[in-house]
Amino acid sequence: MKERRNRDGHKTWAVWLSIIAILIIGAGIFFYYAFLRQSQAELIEAVPNDVVFLYEINDHDGFVKSSKNIQPYLNELFVMDGFNAYESMYHKLSNSNLPSTISGHYTESGMALLFNTRIDKATFRKLLRSLSIDPANYTAFEQFKIYTYGANFKSLKFVYFNHILSISDNVELLKSAVTQHKYPKNLLADKGFKSLYEIAEKNKKQNWIFLNNPVYYDFLETFFNSDVALAMGKIKDYSKWSAYQIRFSHNDVFLSGYVTPDSPKFDEISKRHTDRKTPESVMPFHTQWYYKAEMAKHTAYQFALANDSAKSYRYLIIEQDSLNRRFNLFKNNTQAELLRNNFPNGIYPAADSLNKPELSSFDKGFYQYILEKDGYFIFAPSQESIDLYFKDINTNGTITDNRYYQLANSNMASENLLEYAYFNNDNQESIQKNLSEKGKNALWGKHLKVFTISFNNLAEGFATVNIYAGF
């Protein structure tokens, strides 16, 4: 009986000890989130999870100075029109080169920006005085105070919480930033984002931009017509997150970074050959754009050419013997000799007599003719496109003579799995046909001269990406 009472007593103590342990752990978590975590808050913790893009500015003065010429385009592509108003507040801080974040979020009134930087309480009090704001003149949100600052540019709302100063012209977004910090889960709970963020944290000397690819490309597509938007939609399918070091030089933008390989398509891409052997000798001077891909296990290049009326034609180039993988256009040598005798100009109709297995992955209904030139097969959609091709290449030369191609070529890696390049060629009517009404009215759409994007090999779980835009 006594032993039983002892056992029951031990059980009771065990239960009470467990309850006490749980209470202690709970209290520890509470005090961490209520005090210690708040006093050591990171800027990323105040960025709502529905972010579309995120700038991590480590060199604020350098960012502002170098982006001066590009600012009108950033206003359109990243809704940065509130940046000057934010700057007017930022420079009233005692330290004008504090790390900060600028994030874009969709709200009921459209895309809005949130600016975050970390300051102490004394600095915040000085900020209120320098802005001539009465500390008692605020709007309460929970236990926090939201102030209003009417800059020359626009009215801004700002709040100071947990050593973070948050600024926005959208009060609901500002409240989201405050609410976000209450929860232990933030953007870093997303494994893909966290893996890229950790890379950026190792390089605090550079400015970074993070893109939520599916959402940002949805926004970007609104500037283009349906055909271009469809092509861009394929890019966003490859990865959810990307992170780039971003820098500016005069009228140029350079992005170099990584994307998370979230799609099985990356497994296919990683098996491709990375040799960059652009078929320069058969690309005409006024090539509008070209795209490197693999079709039927062969490296292929698509490119576009426009006539004087801005009508665009699309072509396909395949090297006859690419890395010992011969493209078998002809069924046999006899057929090859027969066609070459019948068509001495090297232009063949895409007839059924050609090797069907090799053509099976191409749109045979679209490509009606095949040219044989300088060791390449060039697929063309019509006789008009063939006439335009020879007119341009015989009159103006090849793409190597195009100064925009020279600029693009110098900003791409020597080895790429995928690459895309666009050239304005001083043909404003041509680019306008690729844009939506919104894009036609945009400054960047009128002034963009060169754009390139290239993917390289997967390394340490990421695909490396380089982007260049010249205005």
Side-chain angles (χ1 to χ4, degrees), residues 52-55 57 62-81 83 102 104 206-213 216-225 228-229 231-232 234-236 238-239 242-259 278 287-292 303-304 399 402-413 416 418-428 430-432 434-436 438-456 464-471:
V52 180
F53 59 84
L54 170 67
Y55 285 91
I57 310 298
F63 180 87
V64 173
K65 184 177 180 180
S66 63
S67 66
K68 185 177 180 180
N69 292 344
I70 306 295
Q71 199 63 48
Y73 313 126
L74 295 180
N75 291 348
E76 296 171 336
L77 296 172
F78 295 98
V79 202
M80 296 280 278
D81 52 333
F83 186 73
I102 307 172
Q206 301 293 332
N207 296 319
W208 290 80
I209 181 171
F210 299 83
L211 297 181
N212 185 338
N213 293 326
Y216 180 71
Y217 276 101
D218 280 344
F219 166 73
L220 203 58
E221 286 170 14
T222 62
F223 289 97
F224 297 92
N225 65 24
V228 178
M232 292 185 65
K234 296 178 180 178
I235 297 177
K236 71 183 182 183
Y238 282 111
S239 174
S242 54
Y244 307 96
Q245 293 181 22
I246 182 169
R247 62 184 181 89
F248 311 99
S249 177
H250 303 292
N251 294 320
D252 298 326
V253 182
F254 304 88
L255 291 92
S256 177
Y258 311 88
V259 298
T278 309
T287 294
Q288 290 178 295
W289 56 260
Y290 75 80
Y291 169 71
K292 175 192 174 183
F303 74 94
I399 197 173
N402 187 320
R403 63 190 175 97
Y404 293 131
Y405 171 73
Q406 295 169 7
L407 193 58
N409 191 46
S410 64
N411 284 287
M412 280 196 282
N416 291 316
L418 286 174
E419 65 183 65
Y420 171 85
Y422 159 82
F423 317 103
N424 176 280
N425 289 327
D426 299 320
N427 188 340
Q428 194 57 40
S430 174
I431 185 176
Q432 291 286 304
N434 293 318
L435 302 177
S436 64
K438 178 181 177 181
K440 291 175 183 177
N441 294 322
L443 287 174
W444 75 264
K446 297 175 182 178
H447 298 155
L448 181 65
K449 301 299 182 184
V450 184
F451 174 81
T452 68
I453 180 170
S454 54
F455 290 78
N456 211 331
T464 57
V465 182
N466 288 286
I467 299 175
Y468 165 74
F471 294 92

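Values below: all heavy atoms of this structure, side chains included; hydrogens, waters and symmetry mates excluded.
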Which residue, Tyr422, Phe219, Trp444, forms the ring-ring contact (aromatic ring centres under 6.0 Å, His included) with Phe224?
-> Trp444
Residues Thr452 and Val450: closest non-hydrogen pair is CG2-CG1, 4.2 Å
Distance from Leu435 atom CG to Lys446 atom NZ, nearest 0.5 Å?
-> 10.5 Å
At what distance, to the nearest 0.5 angstrom, does CD1 of Ile57 lie from CD1 of Ile209?
-> 8.5 Å
Between Met80 and Asn75, which heavy-atom pair has the shortest distance, and what is it?
-> O-OD1, 3.0 Å
Taking the six-membered ring where the residue is Trp, are the ring centres of Tyr404 and Trp289 under 6.0 Å apart?
-> no
Closest contact, heavy atoms only, His250 versus Asn69 = O-CB, 3.3 Å
Say whether Asp252 and Tyr468, considering side chains only, have a donor N or O and an acceptor N or O under 3.5 Å apart.
-> yes
Compute the ring centroids of Phe248 and Phe63, then answer whether they are less than 6.0 Å apart.
-> yes
The reported gap from NZ in Lys449 to CZ in Phe423 (rounded to nearest 0.5 angstrom) is 14.0 Å
What are the two closest heavy atoms between Ser436 and Thr222, and how far apart are they?
-> OG-O, 2.6 Å
How many angstroms lie between atom CG of Leu211 and atom CD1 of Ile467, to the nearest 0.5 angstrom?
-> 7.5 Å
When rounded to the nearest 0.5 angstrom, what distance separates CD in Gln71 from OG in Ser66?
-> 10.0 Å
Taking C-beta and beyond as the side chain, do Val259 and Tyr244 meet within less than 4.5 Å on heavy atoms?
-> yes
How long is the span from the CD1 atom in Ile102 to the CZ atom in Phe53, to the nearest 0.5 Å?
-> 8.5 Å
Atom of Gly470, atom of Leu448 and distance for their closest heavy-atom approach | O-CD1, 3.6 Å
Leu220 side chain near Leu77 side chain, heavy-atom distance below 4.5 Å | yes
Would you check if the distance from the ring center of Tyr216 to the ring center of Phe78 is below 6.0 Å?
-> yes
